[in-house]
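Here's the structure we're looking at; comments come further down.
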Number of protein chains: 2
Amino acid sequence: MAGHGGRGRSEGRGRSGGRPTLEEVAARAGVGRGTVSRVINGSPRVSDATRAAVEAAVAELGYVPNTAARALAANRTDAIALVVPEPETRFFAEPYFSDMLRGVGAELSDTEMQLLLIFAGSDRERRRLAQYLAAHRVDGVLLVSVHADDPLPDLLAQLEIPAVISGPRSAGETLTSVDSDNYGGARSAVEHLLSRGRRRIAHITGRLDVYGAQCRVDGYREALRDAGYGTGELLIESGDFTEEGGRRAMSALLAAHPDLDAVFAGSDVMASGARQVLRDAGRRIPDDVALVGYDDSAIARHMDPPLTSVRQPIVEMGRAMIDLLLAEIADRRPAPVRSVERRHAVLPTELVTRASS
Amino acid sequence: MAGHGGRGRSEGRGRSGGRPTLEEVAARAGVGRGTVSRVINGSPRVSDATRAAVEAAVAELGYVPNTAARALAANRTDAIALVVPEPETRFFAEPYFSDMLRGVGAELSDTEMQLLLIFAGSDRERRRLAQYLAAHRVDGVLLVSVHADDPLPDLLAQLEIPAVISGPRSAGETLTSVDSDNYGGARSAVEHLLSRGRRRIAHITGRLDVYGAQCRVDGYREALRDAGYGTGELLIESGDFTEEGGRRAMSALLAAHPDLDAVFAGSDVMASGARQVLRDAGRRIPDDVALVGYDDSAIARHMDPPLTSVRQPIVEMGRAMIDLLLAEIADRRPAPVRSVERRHAVLPTELVTRASS
DNA sequence: AGGTACCGTGGGAGCGCTCCCACCGGTGAT
DNA sequence: ATCACCGGTGGGAGCGCTCCCACGGTACCT
């Protein structure tokens, strides 16, 4: 807290008060600055005896590296940001973020890296974030829940900041991405319904400008195609991930195909809307119509009857994001561009079977 | 991303790639480095014309200060930490933290300060935190939900890191603190019950090693004393902030004082436990026994009947914590010790009346 | 014996900023 | 006219670290 920059302190660098520096550790250990630096940073090019001497000096002096100095000299920050482009309320309300944070935190705990949580829900916060990124205050960025038209990914690319996105924006995502297997998850849901003897299976989609929702439609379509269904036998109605959307889609489906005996909804929330309409129409679940959702959220567990749903491995996705991001940061360290090919991790989903199907 | 330390880049500092530096801005504006620094930092000792010229150069070059360099030279980080000595799950589960974070974030948004969220639930995380603090990577610390025997406050004092605690650990708290008026909140609850004609009012306390719980007992005691009650007429039973504790305390109270007609519980959770016991004993709420809780949590709103409860201004407490912390940091900047007297803010509570009383 | 290799090491230079001192010219007091 | 003063300014020095070059020593080759 005491000494500041400037000449003002040239007289005797008193031992008391200030934190010890590399130089002081070096003097104590009877070696040079460079050697201490090598020990601190775990370089292998140090003899065991020297390393031991330095470590002793570090312990005696209670030396802790000055992060600012290191950041300045090495041009890195040892910090990464988890950017949440949502208002904070959403962050706390949805278990998705909590799980993600858990995975990220767990994977990061073996590291020297510091995680920053940044909300960018409002315009103001976004401007702040842009400033923050422009200042290169983080070595990399984790992007979750990004909308298709968000300018953030482009900004990151332009600033050449390593970034990993969860839920790619399209099949040709330019950023390194982590995703759950939406296609496979949808397939497993539909195949489950088929195996239960259902024959007229409808699908309520999410917003089709969301890539993941699109993949789920593909999974539905191909599962039925592989079961011998023709294109004309697909019962697809689009929702928008909301409960109201689920209700509307379900009403339309029921009107057009009164003989349907199963519904695969693209999210638990939409399944909840669908359930209301089915019940109002006098259809029993699962006796008359089987229902399957997606996300395996709290809604699914508390629905009446409990909802079969596709679980995404959110925690593992968080871990995977960190793995990829750290790799990308490491890659970029020596040469600006090396492995240009982007990496895309896709993690398996799991069908959680409950009474609704 | 390109240039590193060392001599390696001495040949021509090309405009492309690297971020502009203070020096470059100064050259562009035709002034000295010091002057640009003054403008950037809003010093008043700059003429309007010069300021305009510098600002133009900053805009043209897209200059953004290098945080690491500033931190190194000025010995500050422009960051503060919100330390949560709980596992992350608690953090997401309890609206307390969410509200607190909202207040803190709001108050900080006018500032250049960066907020770090640090969990210190496990031993491992705590060791990490200690290292973090020893490296002085933040200018100040916000401490929430700290237990009486936590060594963290001492560590902060020893490292001379400014800190503000929410919920002082005792009446003689050495750290600057922010609290809600537990005493006044309890008084208002009891006075409310008296005004509703209740005459035999019991109190279920929280853990008495928590200072706030102690204050609530004082409020209960003095409200009754001022209403003319003698010490012998106090009906106090201690809980431990848990639902089970609330049940136990309520059972004991009911056994000892079957004629009680009101209960003031030191938390909503304990009130919830008490309600179960009252109901099992055939007491109607509020007809036979009025019930009042503390915290005004979601539990209170969803209880049957909805629970009258004392609301704490958590968001405002968050704001107040930031105010005090920033003041403390500013104070300490020129002279290590100036205003030694600690500040303690106490914010008013509000009784939210519902059907249970 | 001389040459080459390599390991371990010391220390110069520089990262981009803040702080402070010195200096400038213009005022107002003497 | 002289001097002290003051607002405004330029730039040296230094913050603590990393990076890299240079250097001495040992080991191994020819």
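Throughout, a chain's letter reflects where its sequence line sits, starting with A, and its residues are numbered from 1.
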Which is more 5' along DNA chain D, the nucleotide nearest B:G30 or the one nearest B:A69? Just name the residue. B:G30
Does any donor atom in the side chain of A:S98 or B:E88 lie under 3.5 Å from an acceptor atom in the other side chain? no
Please tell me if A:S47 has a side-chain N or O lying less than 4.0 Å from either OP1 or OP2 of C:dG8. no
Counting the atoms with a prime plus P, OP1 and OP2 as sugar-phosphate, which does B:R33 contact under 4.0 Å by heavy atoms, base, sugar-phosphate, or nothing? base
Check every atom of C:dG16, D:dC17, D:dG8 against the side chain of B:R45 and return the nucleotide holding the closest atom. D:dG8
Nearest non-hydrogen partners of B:R28 and B:L61, listed with the distance: NH1-CD1, 3.5 Å
Calculate the interatomic distance between B:N75 atom CG and C:dC17 atom C1'; express it in whole Å. 13 Å
Between C1' of D:dT9 and CZ of B:R51, the distance in whole Å: 13 Å
A:N41 vs D:dT18: side-chain N/O to OP1/OP2 distance below 4.0 Å: yes
A:D150 side-chain N/O to A:V146 backbone N/O, donor-acceptor pair under 3.5 Å: no
Among D:dT9, D:dT18, C:dC17, which nucleotide has an atom closest to any side-chain atom of B:T50? D:dT9
Polar side-chain atom of B:D139 near backbone of B:I80 as donor-acceptor pair, under 3.5 Å: no
C:dT18, OP1 or OP2 - any side-chain N/O from B:S37 closer than 4.0 Å? yes
Considering only D:dC17, C:dG11, C:dT18, which nucleotide approaches the side chain of A:R38 most closely? C:dG11
Candidate nucleotides D:dT18, D:dG10, C:dC17, ranked by approach to the side chain of A:A73 - the nearest: D:dT18
